[in-house]
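Heavy atoms only: backbone and side chains are in, while hydrogens, waters and symmetry mates are out.
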Amino acid sequence: MAEASATFRLAATGDLHCRQDQHGRFRELAKVVNGEAEGLVIAGDLTDHGLVEEAETLAEALDQLRVPCAAVLGNHDYEGNAVREIVRILQAAKVEVLDGDHAVFHKRLGIAGVKGFGGGFERGMLQAFGEPLVKAFVQEAVNEALKLEAALAQLDLPKRVVLLHYAPIATTTEGEDVDIRPFLGTTRLAAPCDAFGALAVFHGHAHHGAEEGRTPRGVPVYNVAMPVLKRTRDARFRVVDI
């Protein structure tokens, strides 16, 4: 019981945008995480253009981790049409890539992960009406929310967090150009987090957004996109006690 209630020190980052010529850039990150946290989550955009070579460069660094690591993919990771190979490379480096499923760190912390999708927030959320392409866009967001719900439902642990690429609330997109905010996330992703009692939500994607916010029921939401952390903390990851 004591072990289940103990604080879990979780490192979180996102939007690494690793390029194939950046050998060594993330080795230091792995080394510091090893000394400061019990696990690492990465909130998408691991690669810059979704290239196999970029994934190989990042995997070389992440293979130095001595703590468990889970990640979701971001929109950049889909650009090169090599998702299966990118996932295989990361998994070979002991990174659990989540897409509607979950990881468990040290039998104490559960991580439910999906990429998520856009569509807007609250009263400005796009609805499934009109042209088939609009309905398909909305359905993708609905599907991601349903996948997240399924992943959370599988977790029978008192400590559980959510890992996304897209934002589940508008607050953490503040600072971005107003015109692009609907494409940075959707409120549909917040409902499963509230319904299943997540203790925290981590996302990226909003490079110029705000660092923190809360879901409608008060779950802390952390924007851990690396550009945000560099601007606010002069750091490449953030440690949160869960």
Quick one: are [X] and [Y] in side-chain contact, heavy atoms under 4.5 Å?
X	Y	value
Arg236	Leu229	no
Phe105	Val41	yes
Val33	Val67	yes
Phe237	Met226	no
Val114	Leu98	no

Say whether [X] and [Y], considering side chains only, have a donor N or O and an acceptor N or O under 3.5 Å apart.
X	Y	value
Thr232	Glu211	yes
Glu79	Asn75	no
Thr7	Asp241	no

Can we say Glu60 and Arg27 salt-bridge, meaning some charged N sits less than 4.0 Å from an Asp/Glu carboxylate O?
yes
Could you label the plane-to-plane angle of the Phe137 and Phe183 rings as parallel, tilted or perpendicular, counting under 30° as parallel and over 60° as perpendicular?
perpendicular
Which heavy atom in Ala145 sits nearest to a heavy atom in Pro192, and how many Å separate them?
O-CG, 3.6 Å
Closest non-hydrogen contact found for Ala43 with Val224 is CB-CG2, 4.0 Å
Audit row: Tyr166, Lys115, side chain to side chain contact (heavy atoms under 4.5 Å, CB included) steps and yes/no
CA-CA 7 Å; Tyr166 287 80; Lys115 173 176 63 65; 4.0 Å; yes
Set of residues satisfying side-chain contact (heavy atoms from CB on, under 4.5 Å) with respect to [X], sequence neighbours excluded:
X	answer
Val240	Phe202, Tyr222, Arg238, Ile242
His207	Asp15, His17, Glu176, Ala225, Pro227
Glu131	Val134

Each residue besides Ile180 in its hydrophobic cluster should be listed here, by chain and number; the cluster joins Ile, Leu, Val, Met, Phe, Trp and Tyr at side-chain heavy-atom distances under 4.5 Å.
Leu184
The test is side chain to side chain contact (heavy atoms under 4.5 Å, CB included); show your working for Val161 and Val201 and say whether it passes.
CA-CA 6 Å; Val161 300; Val201 182; over 6 Å; no
Strictly by salt bridge (Lys or Arg N to Asp or Glu O under 4.0 Å), give each pair with a member in residues 38-50 just once, sequence neighbours left out.
Glu38-Arg108
Here the gap from Thr173 atom OG1 to Asn223 atom CG, rounded to the nearest 0.5 Å, amounts to 9.0 Å
Hey, does the side chain of Glu54 reach the backbone of Arg19 with a donor-acceptor pair shorter than 3.5 angstrom?
no
Just to verify, what does Arg88 make a salt bridge (Lys or Arg N to Asp or Glu O under 4.0 Å) with, not counting sequence neighbours?
Glu85
Same apolar cluster (I L V M F W Y, side chains within < 4.5 Å links), Leu199/Ile111:
yes
